[in-house]
Amino acid sequence: MADDNGGRDVAAAPESRGAAHPVNAVARVDSGSTVSAGTAVVPRDALQNPGLPPHRPRVTDVDPKKERTAERWVYSLFYLSLAGSLFTIVAYFAFPIEENSPASTRANNLALGIGISLALMALGIAVVHWSKTLMSNHEMIDQRHVTSGSPETRARAVQIFDEANKESGLGRRAVLRNSLIGALVVFPLPAIVLFRDLYPGTAPEPVSQLSHTMWEEGMRLARDPSGTPIRAADVTLGSVFHVIPEGLEEAEHKLEEKAKAAVLLMRLRPSDLNELPERQGWSYDGIVAYSKICTHVGCPVALYEQVTHHLLCPCHQSEFDVTNHCEVIFGPAARPLPQLPISVDAEGYLIAQSDFTEPVGPSFWERASVDND
Amino acid sequence: MTAAASSYLDDRTSISAVVKEFGRKIFPDHWSFMLGEVALYSFVVILLTGSWLTFFFDPSMTEVDYEGSFVPLKGVEMSAAMASSLDISFDIRGGLLMRQMHHWAALLFIASIGLHMLRIYFTGAFRKPRELNWVIGFVLFILAMAEGFTGYSLPDDLLSGNGLRIIDGMVKGIPVIGTWISFLLFGGEFPGTVIIPRLYTLHILLLPAVIVALIALHLVFVVVHKHTQFAGPGKTNQNVVGVPILPTFAAKAGGFFFIVFGVIALMATFFTINPIWNYGPYDPSPVSAGTQPDWYIGFADGALRLIPPGLEFDFLERTYSFNILIPMAALGLFIVLAMIYPFIEYWITGDKREHHLLDRPRNAPVRTAIGAAGVTFYGVLWAAASSDLMATHFHVAVEHVIHTLQALVFLAPVIAFIVTKRICLALQKKDREIALHGFESGRIVKLPGGEFIEVHEQLDEYERWKLVSYTDYAPLMIRPNSRGKITVAQRARAGVSRWFFEDRIAPVASKDLEVSHDNTH
Amino acid sequence: MSKATNRKNRAGRRGPLATVALLAIGLFFTGGAYALISNGTAEAQSDINSQEMIDEGEKLFAANCATCHGVNLEGSDIAPTLIGVGAASVDFQVGTGRMPLAASGPQGQEKPEQFTDQQVKAMAAYVASLSVGPPIPDPRYLDEQGDAANGAELFRINCAMCHNVAGSGGALTEGKWAPAINSTPAHTYEAMITGPQNMPVFNDANLSPEDKRDIITALAYIKDTPSVGGYALGALGPVAEGLFAWVFGMGAIVAVTVWLTAKSN
């Protein structure tokens, strides 16, 4: 601790000894100090610090009755706190949690909480009240010192470094010093390498994983979460289906696959759809399938408005227009939601024609280099 | 008995030196000086409740079938982390209380750090010799947010899972290394099976250790520098006026700890926080309306929401996601500027003296105005994070809310700056008036000549001192350096200095007072 | 003032009953016709669909609805056709007070209903008598005794993104919103099968009647179970929690710091 004067220079404020107007020895001004005041204006005729105002006694200092009342308050609160703690212990057993009974959990939470709160609040208020009404409130003065060490201390510190330098030869033996620095600089580098296997080195390249989903030609579209396949006839006008690939439940990395493959299926009037020429045949009788993963930062874009045909992301309010191949009409997303080309198999079930033709979800650095075709 | 015990202890620890050193250290009294303590105390509550929670929480993403008491999740497949969080909430006595205390305390921890920082800023307590402690405090603020976010993610519920997904999306948007950072963080593709245990290690080991170390350092500096105080009669730059640690301050601070603890307990008793059972386990397909981060991440989420469409480009087979990079850069710049502000002001004023007397915010109008602009900027971003709730609760379109906030993020700080500076100057003028001429007493007197005047009551010298004791800075004059040249840096500095100090109200000097008194008499 | 004159004008034009009823323009309703995949929820409703009911419904419809929706349900510039919307849609729209519309706006709002249950059912019967559409749901799917766990999961996947996981509602585009779910089981069921306003349709091929029963059960569980952790702050999520922490938590603590450091007298 640099403060080597604690305790020594503490003095009770002069008024506490009864002086109405203390002669204030501490009202030195900075103009005498040696460091630059910068652009501060140090006026010569500034008003003088009048010193501490006279001390005003509290009611508890002058009225013994008030003092006793305060004391009564304090010990009553201590007892109240004690009661609160004991109540908590009793409540722990008196309000057990019964199986399948949220009401009992609620009662347990309330009872324990009230007990603990009471114990803490009463204790805290009591101690503060004690300090405010019964402990001395005479203001005291502590002297400050410049934060930097004294010139002698500083000189000695410099001297110590000097001596250390001489004795070790750090400054003199350049080869030793430089090789030490070299060793120290390189020393942390293995730590960086050691983190490489946070993603195992044997695992496939990230970009290849981000570029594909588990959708493939002929894979049926299934309901989330039951996994039952969907017939085209099931999807009535105005409907929205939350879709996963059939067989997702058996997939090795279920959640990771679902995080990419989740799809939203909607049926619009074919006349409402503005299909791009190159995507003719990607829909089936007004039924369209789009990735549910936002192209902004990846929230599920699942809010479908069946009249306006808008999709809204609840996280950052990007809006996509389903009639115009899910182009962005509002919000921070930049790219349309990728479309899953679909058709119908012999039994009338909806199937994927292929995987998505572009990576789904948020953008990544290498995204533009991915060529899925 | 006491003597014997303390002697036993002192013989072995030389504790008496410590007591002598610190026992009667003086702390000044002001309500705003307690805000840092609130942060410290909520952190203690977090450590206590958090340690308790670790005994019951299972930080694993192994899939289990939930068999606890909450009926609408029975039999549902979820991670062990989620299942154990539900068990803590429903089946362990006092578990829900501890969880809720931990979470409420976390919200208060960061809120009180925020208020503490605002107090430090607006009173100029960051000036020499405390610049480094400001930086340490700022780092603590950032670490506290990191603690909060990692903790928010641990239950692996739907809300936090979507939060993590947003982080993943942002990370992927970083040029060159984004994809790899995402894969290293999640051990593969999102969500993977390792992120919860990894965040857990950060949350309960690494981050708390660094926070504890930095808090210790922060407090060491408070002891070294001694506490600042507001200007007032008897208070100078060379002293500290207040109450000693033993007994008064220790009692107040100790009692206050229990009160803060009690307020947190009360909140946890009567108010639900983060009902993970409503959200259910994380599943990449669903999402809830009103998916938001905890309040302290709100400004970042809001920044993401305010970006207009189309800011993403492909160039040379690489993707540049400016819809992510712009908010990241804006927030980064904002944080860095706030962190180095003490050094900027030091450069502008060139004042190398130590400052232990606090400024009243009005007496540093431009600093206060910059602060107001910063707070407004932060506030607009923060508000943007609840754009959807503003839309539903005030019956307006969410698009209009966003468009309004997009305009405000640029305009509001400027308006806040101008208005605040004007208000500060007006208040200074009023102070000067009162210091010179006293209060309007409301008493009207008819002079013998038939003239009516209102009697002004003069301040006593103690009250006047509060109004007149502040440092006045003049704009820097450009002067050639020793080689007779005016450097660009000096021009810049003079320009900023003029901007800072050209409008100023000088404190009342004794001469002014004499003139004023002569006129009134 | 302008409200009062509006009301008077309308009264003059449309007769006394219409004063209460047909009010506004710019209304959109369930879009388009229905090809309902119904697996027989229509039995046991013969008395509801009696000829008397249909006749009473016709009168009420002519007086209250026909101005906008047309005497033959054909719709108009300001209101959609009701051909094929079915009894469920009428029961939901009129039964929750959304119809007749009170004012033009982004969407119809829930308000105290204007008709007795009997009158609502009569209008529903009349509309259903003219074209096939989703009927009023069978009570056995409304008993709130289904599988809450399945219902909660389906709710999270199909409903929570708009209505919030706790059914507290949320924002949609252009000033529309998904309302907080406080309806009766029947109205909730009807909303799912009819897709009122911008809500998509969840036909029985998507969510089977049993699935819908499970969802209603889960909603009932959330509604009927007291919030275990204390007051739920509107179940709106972290924004409400953050506001509360700042206003009440920090507010209380700052008040304490002021008391703590105030000079005692």
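Note on naming: letters A, B, ... go to the chains in the order of the sequence lines (proteins, then strands), and numbering restarts at 1 for each one. Values in this document were obtained by computation on a predicted structure and should not be read as measured data.
- Between chain B and the residues A166(C), G242(C), A160(C), A171(C), the most heavy-atom pairs under 4.5 angstrom are made by A160(C).
- Using modelled atom types, no side-chain atom of Q292(B) and backbone atom of V239(C) make a donor-acceptor pair closer than 3.5 Å.
- Note that CG of L73(B) is 9.5 Å distant from CD of E153(C), once rounded to the nearest 0.5 Å.
- Atoms CZ and CG, on F271(B) and L233(C) in that order, are 6.5 Å from each other to the nearest 0.5 Å.
- Pairing each heavy atom of G170(C) with each of A289(B), the nearest pair is CA-CB, 4.0 Å.
- Rounding to the nearest 0.5 Å gives a distance of 6.0 Å between NE2 of H103(B) and CD of E241(C).
- Counting heavy-atom pairs closer than 4.5 Å to chain C, the top residue among A111(B), P286(B), P72(B), A397(B) is P72(B).
- Atom CD1 of I259(B) is separated from atom CG of L260(C) by 6.5 Å, given to the nearest 0.5 angstrom.
- For the options V76(B), N278(B), V38(B), heavy-atom pairs under 4.5 Å to chain C are most numerous at N278(B).
- Annotation: maximal heavy-atom pairing with chain C below 4.5 Å, among W382(B), F90(B), W277(B), F33(B), occurs at W382(B).
- If you measure heavy-atom distances from L159(B) to chain C, the contacts under 4.5 Å come from the side chain alone.
- Contact annotation: the side chain of F244(C) approaches that of W104(B) to within less than 4.5 Å [non-hydrogen atoms, C-beta and beyond].
- With a 4.5 Å cut-off on non-hydrogen atoms, L35(B) touches chain C through its side chain but not through its backbone.
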Run the side chain to side chain contact (heavy atoms under 4.5 Å, CB included) test on F256(B) and T257(C) for me, step by step, so that the C-alpha distance in whole Å, both residues' side-chain angles and the decisive distance to 0.1 Å come before the verdict.
CA-CA 8 Å; F256(B) 189 43; T257(C) 64; 3.4 Å; yes
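- For a residue to count as touching a neighbouring chain, one of its non-hydrogen atoms must lie under 4.5 Å from one of that chain's; by this rule V287(B) touches chain C with backbone and side chain alike.
- Atom-to-atom distance recorded for I253(C):CD1 and I264(B):CD1 is 6.0 Å, nearest 0.5 angstrom.
- There is no contact between A218(C) and chain B, counting heavy-atom distances below 4.5 Å.
- For the pair Q100(B) (side chain) and G229(C) (backbone), a donor-acceptor distance under 3.5 Å is present.
- Not a single donor-acceptor pair under 3.5 Å links the side chain of K252(B) to the backbone N or O of T261(C).
- Of the two parts of L108(B), the backbone and the side chain both hold a non-hydrogen atom closer than 4.5 Å to a non-hydrogen atom of chain C.
- With respect to chain C, the highest number of heavy-atom pairs below 4.5 Å among V398(B), L115(B), V396(B) belongs to L115(B).
- Heavy atoms of F270(B) lying under 4.5 Å from chain C belong exclusively to its backbone.
- Interatomic distance, NE2 of H395(B) versus CH2 of W177(C), reported as 6.5 Å (0.5 Å rounding).
- Using a 4.5 Å cut-off between heavy atoms, H393(B) touches chain C through its side chain atoms alone.
- A 6.0 Å sphere centred on NZ of K466(B) holds no more than 12 heavy atoms belonging to other residues, nucleotides or ligands.
- Among V228(C), N158(C), I222(C), D214(C), the residue making the largest number of heavy-atom pairs under 4.5 Å with chain B is V228(C).
- Residue L266(B) does not touch chain C at all, counting heavy-atom pairs closer than 4.5 Å.
- Contacts between T173(C) and chain B at a heavy-atom distance below 4.5 Å involve backbone atoms as well as side-chain atoms.
- Using a 4.5 Å cut-off between heavy atoms, L172(C) contacts chain B through its backbone alone, with no side-chain atom that close.
- Ranking T392(B), V401(B), T291(B) against chain C, the residue ahead of the rest is T392(B), based on heavy-atom pairs under 4.5 Å.
- The contact between V263(B) and chain C is made entirely by side chain atoms (from C-beta outward), counting heavy-atom distances below 4.5 Å.
- Comparing N164(C), T217(C), V254(C) by how many heavy-atom pairs each has under 4.5 Å with chain B, the most go to N164(C).
- When atom types are taken as modelled, the side chain of S288(B) and the backbone of V165(C) share a donor-acceptor pair closer than 3.5 angstrom.
- With a 4.5 angstrom heavy-atom cutoff, L389(B) touches chain C only via side-chain atoms.
- Looking only at heavy-atom pairs under 4.5 Å with chain C, the residue among A391(B), S285(B), S112(B), G75(B) that has the most is S112(B).
- Checked against a 6.0 Å centroid threshold, the rings of F70(B) and Y221(C) count as neighbours.
- The two residues P238(C) and P293(B) come nearest to each other via the heavy atoms CB-O, 3.2 Å.
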